[in-house]
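Here the structure is a predicted model, which is why all the values come from computation and not from measurement. In what follows, every chain begins at residue 1, and chains take the letters A, B, ... in the order their sequences are listed.
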2 protein chains.
Amino acid sequence: MAETKKSNLALVAARAGVSVASVSRVLNGGSASEQLAKRVREAADELGYVPDASARTMRTGRTDQITLAVADVGNPVYVQMMRTVTGIVAKAGYRLVVSSTGADPKDQIDLVRSLNRGYADGLLISPLRITPDLVEALSASRLPIVVIGTLPPEVELDNVRADSATGIGLAVEHLIAQGRRRIALVNGPVDTVPGSARLAGHRAALERFGLAASDELEVTATGFTYRAGHRATARLLAQAEPDAIIGANDLLAVGALKELAAAGRRVPEDVAVVGMDDTDAAELATPSLTSVDLGSAKRAKAAAKLLIRRIEDPDAPVVRQVIAPALSVRESTVPEAPRA
Amino acid sequence: MAETKKSNLALVAARAGVSVASVSRVLNGGSASEQLAKRVREAADELGYVPDASARTMRTGRTDQITLAVADVGNPVYVQMMRTVTGIVAKAGYRLVVSSTGADPKDQIDLVRSLNRGYADGLLISPLRITPDLVEALSASRLPIVVIGTLPPEVELDNVRADSATGIGLAVEHLIAQGRRRIALVNGPVDTVPGSARLAGHRAALERFGLAASDELEVTATGFTYRAGHRATARLLAQAEPDAIIGANDLLAVGALKELAAAGRRVPEDVAVVGMDDTDAAELATPSLTSVDLGSAKRAKAAAKLLIRRIEDPDAPVVRQVIAPALSVRESTVPEAPRA
DNA sequence: GGGGGTCTTGAGAACGTTCTTAGGAACGTT
DNA sequence: AACGTTCCTAAGAACGTTCTCAAGACCCCC
């Protein structure tokens with residue numbers, strides 16, 4: 001069947017002895033006589049015809065693609081989101097393309113701008129840092145956009161966010177129930193969206209339960225990575241004697257586990273550890289990691305649905321959703337945790 | 001500046017009082033008088049002009065995009081590849097889009113076919129399973145393609161592969177040097193490219209060192225995941241008494257670590273464990289995992305360069321590269337492994 | 001048997017860009 | 001003063017598709 005040469009509607013039409021319009025109609029399921037349809041399909045097969053995406057896009061204004069922008073493909077929480085989103089958009093007839101932007105807001109701005117060239121019908125973005133420039137670029141974009149993460153309240157964009165504060169509250173409550181009192185936070189950079197939210201959440205939770213927050217119990221890692229968590233925990237142990245550590249995400253918490261082991265502290269007997277995001281890394285860790293499920297899969301799902309709605313109805317009212325957190329208890333906080 | 005309405009070259013040209021051709025020339029760096037260039041740029045700014053990607057693509061035949069198809073975004077080895085590739089293609093002026101296909105060859109075939117519609121200028125693909133249909137689709141594609149992974153020898157495609165057999169040889173050699181004799185393999189599905197290669201490599205290595213290969217020491221997990229490794233190792237321990245376990249990738253090996261801990265075996269004292277791919281997961285594990293570096297970063301880099309070359313010179317001779325493995329020794333095989 | 005309807009098909013415009021071709025102005029040379 | 005060069009700019013075709021519009025064929029019913 002398939003010829004090697006690139007073919008187009010005109011060639012197919014010529015071969016079938018019909019007009020270009022008819023070929024297009026047949027191939028797109030329009031009405032046509034059985035006889036003509038058969039001739040067209042045969043000709044298309046023989047020529048190995050494949051429609052050209054850019055020509056179709058130019059004509060229709062649609063790409064049937066949705067872009068998911070993630071800051072760090074190495075973070076398992078984004079992996080979870082990718083998996084969820086892929087399924088949802090595929091069901092609605094869109095292809096998902098993933099764009100890894102890096103942590104720099106400049107790259108994200110470039111991406112948002114470039115999408116205005118018409119690479120995709122919509123954008124799902126979960127920015128690590130929200131700068132005024134980024135907000136400006138997002139707002140100015142012609143493209144339907146749904147932001148996963150917290151936005152300034154005045155921004156008129158569909159938005160699904162986690163509730164870090166409540167999530168940390170769950171962790172603190174659980175730790176206090178286990179008799180812990182010196183509950184430290186190994187945070188990521190505080191100029192990021194999750195970093196600032198988790199710092200505030202930590203302080204609020206301690207206060208709520210009548211524990212004094214102290215600078216000693218808060219350390220800031222250089223990123224949301226395993227290695228950064230490792231180093232930051234070393235600093236923490238040099239300056240304080242926590243009996244519990246909350247990592248601002250699972251990777252940081254795993255880094256803390258590592259450093260605690262190296263420092264000869266037993267987990268959870270000497271120090272309990274809690275992660276956040278409840279990703280595969282939490283289950284995979286030794287001991288397995290109690291983790292705050294911030295609903296990454298639910299967030300991704302809600303965001304994807306919101307985006308599809310927005311694409312189909314650009315004038316729909318702006319929706320802002322908050323996903324409630326939950327706690328997954330594992331070995332790192334209770335000696336006799338249930339095993340899978 | 002930016003108007004909200006979508007604009008095009010004709011609008012810019014009208015506003016600047018010049019022809020469409022001149023606007024295009026100015027914006028693409030062609031020669032033009034300073035005066036005209038200035039008028040054009042001002043008009044473009046005022047209208048918030050953004051060129052349309054599909055129109056440009058239709059005219060030029062280029063998208064300046066490269067697609068990377070990965071079977072499983074959750075596998076850290078692909079994360080490593082994505083990171084590497086992003087940098088290389090960006091330097092050459094391409095945008096990278098990642099497509100997550102799932103393990104089903106059918107999805108991969110769909111992707112390859114759809115790319116013939118002109119979504120990208122080239123494809124980087126690392127198939128888990130190579131079926132005749134997939135080979136057929138890859139060969140029939142008009143698009144420049146580089147395959148990361150082993151291909152049937154008759155396929156005329158640029159290709160970069162790992163050397164699993166030698167890699168497993170390194171692991172076995174190292175384990176034997178540590179006094180191990182009953183060296184088991186926790187493999188992934190054997191109908192996959194890496195699965196079959198690693199099974200063959202295991203048998204060859206045992207034979208080479210004068211150890212008898214036995215079915216008891218080989219178990220096959222349902223996938224290359226942490227959970228599958230966990231379960232498969234449980235089966236292994238029920239049927240044999242290994243003093244060393246090689247996981248066909250790091251996730252399987254981490255699963256083995258977990259199961260060994262649950263079964264009360266000490267690592268590395270009772271059982272040594274080696275992973276493959278040398279990903280972040282190996283360093284993150286407790287104890288940290290000795291792992292065979294199959295050169296995923298190097299492979300990705302070489303493949304990206306090959307693809308760019310192929311795009312720029314479609315008639316270049318077919319290149320097949322093999323990346324040599326290396327062993328990263330950590331705590332899971334030697335009691336006193338060096339710590340980072 | 002004629003009028004009005006439905007159904008099938010084709011011609012051609014349009015989407016927004018790039019690039020070829022060629023016209024005209026300015027300038028230098030003979 | 002005529003001619004050749006060079007530079008700048010404009011006109012218009014082309015990429016491949018979809019979709020509107022109109023024309024023709026056919027059928028039904030009064």
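- A straight line from CG of A/Leu27 to P of D/dG16 spans 16 Å, rounded to a whole angstrom.
- The pair A/Arg62-A/Glu312 does not count as a salt bridge, with every side-chain nitrogen at least 4.0 angstrom from each carboxylate oxygen.
- Ranking C/dG16, D/dT18, D/dA10 by closeness to the B/Ser19 side chain, first place goes to D/dA10.
- Annotation for B/Pro317 and B/Arg309: closest pair O-NH2, 3.0 Å, computed over non-hydrogen atoms.
- Between B/Leu9 atom CG and D/dA14 atom P there is a gap of 19 Å when expressed in whole angstrom units.
- Rounding to whole angstrom units, OH of residue B/Tyr49 and C1' of C/dG16 are separated by 7 Å.
- Here the P atom of nucleotide D/dG16 and the CG atom of B/Asp52 are 17 Å apart, to the nearest Å.
- Ionic pairing of A/Glu42 and A/Lys38 is present here: one or more N-O contacts between side-chain nitrogen and carboxylate oxygen are shorter than 4.0 angstrom.
- At whole-Å resolution of the value, CZ in A/Arg117 and C1' in C/dC15 are 18 Å apart.
- Counting any heavy atom pair closer than 4.0 Å across all strands shown, B/Thr60 reaches sugar-phosphate atoms only and no base atom.
- Looking at residues 32-39 of chain A, you'll see A/Ala32, A/Ser33, A/Leu36 sit with a heavy atom under 4.0 Å from some atom of DNA chain C.
- Here the P atom of nucleotide C/dT17 and the CG atom of B/Asp64 are 15 Å apart, to the nearest Å.
- For C/dG4, the paired base is D/dC27 (Watson-Crick or G-U wobble, both distances below 3.5 Å).
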> Passes side chain to side chain contact (heavy atoms under 4.5 Å, CB included), A/Ile323 versus A/Val160? Steps please.
Replying inline: CA-CA 7 Å; A/Ile323 303 296; A/Val160 181; 3.8 Å; yes
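- Looking at the side chain of A/Ala21, the nearest of the listed nucleotides C/dG12, C/dA13, C/dT18 is C/dG12.
- Of all heavy-atom pairs spanning B/Gly17 and B/Arg39, the tightest one is O-NH2, 4.0 Å.
- In the interface, the side chain of A/Arg25 is paired with the base of C/dG10 through a donor and an acceptor atom under 3.5 Å apart.
- Of all the heavy atoms in B/Thr101 and B/Ala71, the pair that sits closest is OG1-CA, 3.7 Å.
- Side-chain proximity of A/Ser22 to the nucleotides C/dT9, D/dT18, D/dA10 is greatest for C/dT9.
- With rounding to whole Å, B/Leu47 atom CG is found 13 Å from C/dG16 atom P.
- Comparing atom distances between the B/Asn8 side chain and each of C/dT17, D/dT17, C/dT18 picks out C/dT17 as nearest.
- Between the base of C/dT18 and the side chain of B/Arg59 there is a donor-acceptor pair shorter than 3.5 Å.
- Between B/Asp191 and B/Arg129 there is a salt bridge, with a side-chain nitrogen of the basic residue lying less than 4.0 Å from a carboxylate oxygen of the acidic one.
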